Amino acid sequence: MNIKELIRQNLKNLYASAIPKSLIKIQKTKKEFKGDLTLIVFHLLKISKKNPEQTSKEIGDFLLKNQSIIIKYNAIKGFLNLTFAQKYWIDILNNIHKIDNYGIKNPLISNPLIIVEYSSPNTNKPLHLGHVRNILLGHSISEILKATGNRVIKTNIVNDRGIHICKSMLSWEKWGNGETPNSSKKKGDHLVGNYYTKFNNEYKKEILATKTKGLTQKEAEEKSSLMLEAREMLRKWENKDPKTIHIWETMNNWVYAGFEETYKTLGINFDKIYYESQTYTEGRKHILKGFENGIFYKKNDGSIWANLSHDGFDDKLLLRSDNTSVYITQDIGTAKLRFDDYSFNKMIYVVGNEQNHHFHVLSLLLNKLGFDFSKNLVHFSYGMVELPDGKMKSREGTIVDADDLINEMIQNAKKKSDELGKLKEYANKKNELYKIIGLGALKYFILKIDPHKNIVFNPKESIDFNGNTGAFIQYTYVRIQSILRKSNTEILNTKCVLKNIQIDEKEKNIIQLLSNFPEIIQEAADYLNPSIIANYTYDLAKEYNQFYNNHTILREKIDMIRIFRLVLSYNTGKVIKAGFKLLGIDVPEKM
RNA sequence: GCCUCUAUAGUUCAAUGGAUAGAACGAAAGUUUCCUAAACUUUAAAUCCGGGUUCAACUCCCGGUGGAGGUACCA
C-alpha cells in the first residue's frame, strides 16, 4: 500500500468518514524541517472542524499510535512532518528491486488503442530541426503511452503530392542532367531538396526580369512560365500521365530512402505510413456527400464551404472552385481511413501550435459529417523552434538541416571525448559511442523543455555536455554500471535481505525518487509531456551523484550497508535507463 | 481588429495552490593516495506591471505591456 493510501485509511478511522483522495496532499519535507514526508492538513480542516495546529497534532498522534512505520512527527501550522522508520525505506527499495520492468505496464488487448501521428514531412525537401522536435516528441509520447498500458500505433502521413513536389520534378528535368543519388553520392532527400531550391531561385530571377519590363509583382507571378509549367505538371500528374508519374515515383523513392536513413539514425520508426496521394480523394468524397446532405454550401464560383459562424469561426473552404482538395479536405479523408483501419479509441496528432486553428476546425467538420470519432481526436500542440534572429525560413536559407545537426552533434561528442581522453576501453566501438552521446545530448536538450513552449536554438552555441544534459545522465548511468561490474553481482540476486541499517537523507531522497517513478510516467502520459520524465531523470542522476560523492560503495569487505548501497545503485541505474528509454535516448554501458 | 500560446537569476530551463522559488551554463573560490573529475562543494544573482480570490499565488481570475503563432482557395 502506498503512503497516500495508508494515510487515507487512517484518517478514515480517525474521523469515521470517507476521505476523498484529492484531499491527501503529500510532499517531501523541506530540508529546513525535521521529517521525511509532509502531510498538508489545510485541506482536512473541513473534516476535522478544528484549526490547523490542532488538526496536525491530532492526526500526528493517531498515526504514531496506529502505524509502527511512523516513529516521530512534528506539526508546524498546517504542515505535519512525519518521520518514518528505516524499515519503511528499506522495504520500498526491496520492492523496487524485485521488479524487473519497474514502473512499466504491459499493453493489454482490452486497453485503449491510440494512434499517434508524427513527422508528417513533405517530399520536396529534407527534414529540419522543426521535424526533429516533432519526431522526438511523437516517439516519446508513444513510448510513454505504451508504458501506461495503452496499445499504440505510430503513424506518419507523407505529403507526397502537390505543387511543391512538381517544382522539384520540373527543376530536375530542366537542369538535372539525369543526376541520381548514386551518380552524385548525395542523400536522396537532399538531392531533391536542392532542385526545389534551384526552382525557387530561377523563379525569383524570372520574376525580377519581368518586373523590370514594368509589370507589378502580382502580374509577374501570374505570367511566370516556370510556375505555369509546374501547374501543368500537377495537372498531368492528376491525369496519371505515365512519364510524369514515373519521375514522381523515382524522385519520391530517393526522398524516402533519405528519410529512412535519418529516422534510423534517430532510432525511431512507424507502424504504418499513410501517403497523401492515396488518401486525398477520400476526403473529397465526404465533402461532396456533405454538400448533398446540406451540411455544406456552394458559392457561385463552384467552391464548397462550411458555415462555422455558430462555432465562432470564419467559414472554411473545403474544395476549391476548380474542384481540387485543400489541406483540411485531405485530413478528413485520412482520419476516416484510419478509423476504418483501426477503430481507434483516440488519435493524437503531433503537430506544431501554428495549426491549432486547423485541428479545431477539423474536429468540428468531422463532427458535422456525423463521425463519432471526431471527439476522440487530440491535437498535441507544441511550440516552434526558433533561431536567435527569428523563425527558420527556407526561403532565406536559415533552415537548420536535421542531418547536418545530427552530424555536428556526433562530431562534438567525438571532439569532447577525445579532449577528455575518454572511451579508452571502447577502442573499436568508439563511433557507436559518439553517436549515443551526441544524439543523447540533442534529444535530451529538446525533450527536457515543456512541449508547448517555443525553443530558441542557437546553432553557434552547440549543445553542451555538462550540467543538465543527456551526457550527464548517461555518465551517471555508466558509473553505476562500472561499480556493478566491479562488485560481486551475486549480491544483487539476494532479494529482501536488507534490514535494520542506518540510512541518511541523501539515500532516503533517492529511494523517494525511485518510488515516484510509476506516478511520474502516469503524469507524463496524462499531460502528454515527456519533459516531466526528462527532468525527473535529471533529478535522480543529480541526487545519485551527490550520494556517490559522499559514500564508499566498493570495498573488499562486503557488509550489509554496502549491499544496501549496491542495491540502491543498481535500481537507480535501472530507473535511469527505463526513463531514457521512454524518451527514446540510449544509454551506454561504458564511456 | 479578433482568437490561441507565452513571460522566472546575465543566459537556458524547473517548481500537482503550500513552508525560505530549485537546477545548469557563465562569473568568483575550493575538492583527485579512494569505486570514471563529463563529478562534487561554497559564493553572488530572478517570479513583466497593476488589481482581485485564498489561511497560503510563479501557479487561479480580471486589466495592461512585451514576445510568438493563427485568422476563408499554402501545407
Side-chain angles (χ1 to χ4, degrees), chain A residues 22 25-27 29-33 38 40-43 45 51-52 76-79 81 120 122 159 162-164 276 299 301 303-306 308 312-322 324-328 330-331 352-358 360-361 381-384 386 390-391 413 416-417 419-420 422 424-425 437 445 448-450 452-458 461 463-469 471-476 478-487 519 523 526-527 531-532 534-535 538-539 542 545-555 565 569 590-591:
Chain A
S22 59
K25 304 271 185 181
I26 304 255
Q27 65 185 28
T29 302
K30 302 270 174 189
K31 50 178 172 288
E32 301 80 20
F33 302 95
T38 298
I40 295 164
V41 304
F42 291 105
H43 311 88
L45 301 184
N51 70 30
I76 299 169
K77 293 187 285 183
F79 299 95
N81 303 322
S120 311
N122 289 352
N159 297 309
I163 192 76
H164 50 280
E276 194 187 294
K299 282 193 179 172
D301 62 5
S303 55
I304 294 185
W305 295 74
L308 298 177
F313 292 110
D314 292 331
D315 287 9
K316 180 76 190 169
L317 173 80
L318 302 173
L319 285 179
R320 296 192 184 96
S321 44
D322 64 1
T324 56
S325 306
V326 293
Y327 180 37
I328 200 149
Q330 295 150 13
D331 268 0
N353 62 14
E354 56 191 350
Q355 294 191 33
N356 286 354
H357 179 250
H358 171 82
H360 206 137
V361 172
S381 164
Y382 63 90
M384 305 280 90
E386 293 168 0
K391 205 182 171 185
K416 190 76 183 169
S417 305
E419 267 172 30
L420 292 166
K422 296 278 172 181
K424 279 178 197 146
E425 291 177 55
I437 298 164
F445 174 82
K448 76 170 180 183
I449 297 172
D450 188 338
H452 61 283
K453 289 188 175 171
N454 288 2
I455 293 182
V456 178
F457 179 82
N458 191 341
E461 296 169 16
I463 301 167
D464 217 329
F465 294 93
N466 294 322
N468 186 353
T469 64
F472 170 82
I473 299 166
Q474 286 170 331
Y475 180 61
T476 307
V478 164
R479 285 169 128 177
I480 291 171
Q481 298 319 303
S482 174
I483 289 169
L484 296 177
R485 270 195 302 275
K486 290 179 182 174
S487 70
E519 273 181 49
E523 202 184 324
D526 291 346
Y527 294 102
S531 80
I532 293 172
N535 285 300
Y538 175 70
D539 287 346
K542 179 81 183 157
N545 269 298
Q546 291 170 1
F547 157 78
Y548 171 92
N549 209 254
N550 293 328
H551 296 84
T552 300
I553 299 173
L554 280 184
R555 283 279 167 82
R565 286 174 188 166
S569 298
K590 297 181 197 168
M591 68 190 258

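The sequence lines fix the lettering, A, B, ..., with proteins before strands; numbering per chain opens at 1. In this text, all values refer to a predicted model and were calculated from it rather than measured experimentally.
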Nearest to side-chain heavy atoms of A/Tyr527, which nucleotide of B/A38, B/U16, B/C35: B/U16
Aromatic ring of A/Phe42 stacked on base six-ring of B/G18, 5.5 Å, 30°: yes
Sugar-phosphate, base or nothing in reach of A/Phe33, heavy atoms under 4.0 Å: base
Over 12 non-hydrogen atoms of neighbours within 6.0 angstrom of NE2 in A/His358: yes
Heavy-atom closest contact (A/Ser569 atom, A/Ile553 atom, distance): OG-CD1, 4.0 Å
Sugar-phosphate only, base, or nothing, as touched by A/Phe79 at under 4.0 Å among non-hydrogen atoms: base
Listed nucleotide nearest any side-chain atom of A/Glu32, set B/G18, B/A37, B/U20: B/U20
Candidates B/A14, B/U36, B/A19 - which lies nearest the side chain of A/Asn81: B/A19
Of A/Ile40 and A/Phe547, the one whose closest RNA chain B nucleotide lies more 5': A/Ile40
From B/G18, B/A38, B/C35, nucleotide with atom closest to A/Gln27 side chain: B/G18
Minimum-distance nucleotide (side-chain atoms of A/Tyr548 versus B/C35, B/A24, B/A38): B/C35
Nearest-angstrom distance, P atom, B/U31 to B/A14: 35 Å
Nucleotides 68-75 of chain B: protein proximity per nucleotide (B base, S sugar-phosphate only, - neither; heavy atom, under 4.0 Å): SSSSBBSB
Selected nucleotide, minimal atom distance to A/Tyr538 side chain, candidates B/U36, B/A23, B/C25: B/A23
Ring center gap for A/Phe79 and A/Phe42 short of 6.0 angstrom: yes
Sugar-phosphate, base or nothing in reach of A/Thr324, heavy atoms under 4.0 Å: nothing
Side-chain donor/acceptor contact of A/Thr476 with base of B/A39 under 3.5 Å: no
From B/C40, B/U36, B/A38, nucleotide with atom closest to A/Lys416 side chain: B/A38
Separation of the P atoms in B/A21 and B/A44, to the nearest angstrom: 14 Å
Span that lies between the P atom of B/A7 and that of B/A15, in whole angstrom: 10 Å
Rounded distance in Å between the C1' positions of B/A24 and B/A45: 14 Å
Separation of the P atoms in B/A9 and B/A46, to the nearest angstrom: 9 Å
B/A39 phosphate, OP1 or OP2, under 4.0 Å from A/Asn466 side-chain N/O: yes
Contact nearer the 5' end of RNA chain B, comparing A/Phe472 with A/Lys25: A/Lys25
Whole-angstrom distance between B/G30 and B/G69, as gauged at atom P: 47 Å
Watson-Crick and G-U pairing of RNA chain B, under 3.5 Å, as dot-bracket with | and [ ]: (((((((..((((....[...)))).(((((.......)))))....(((((..]....))))))))))))....
pi-stack flag for A/Phe465 and B/A38, centroid dist under 5.5 Å, interplanar under 30°: no
Within 45° cone of A/Trp305 ring axis and under 6.0 Å: A/Lys316 NZ or CZ: no
Sugar-phosphate, base or nothing in reach of A/Lys542, heavy atoms under 4.0 Å: sugar-phosphate
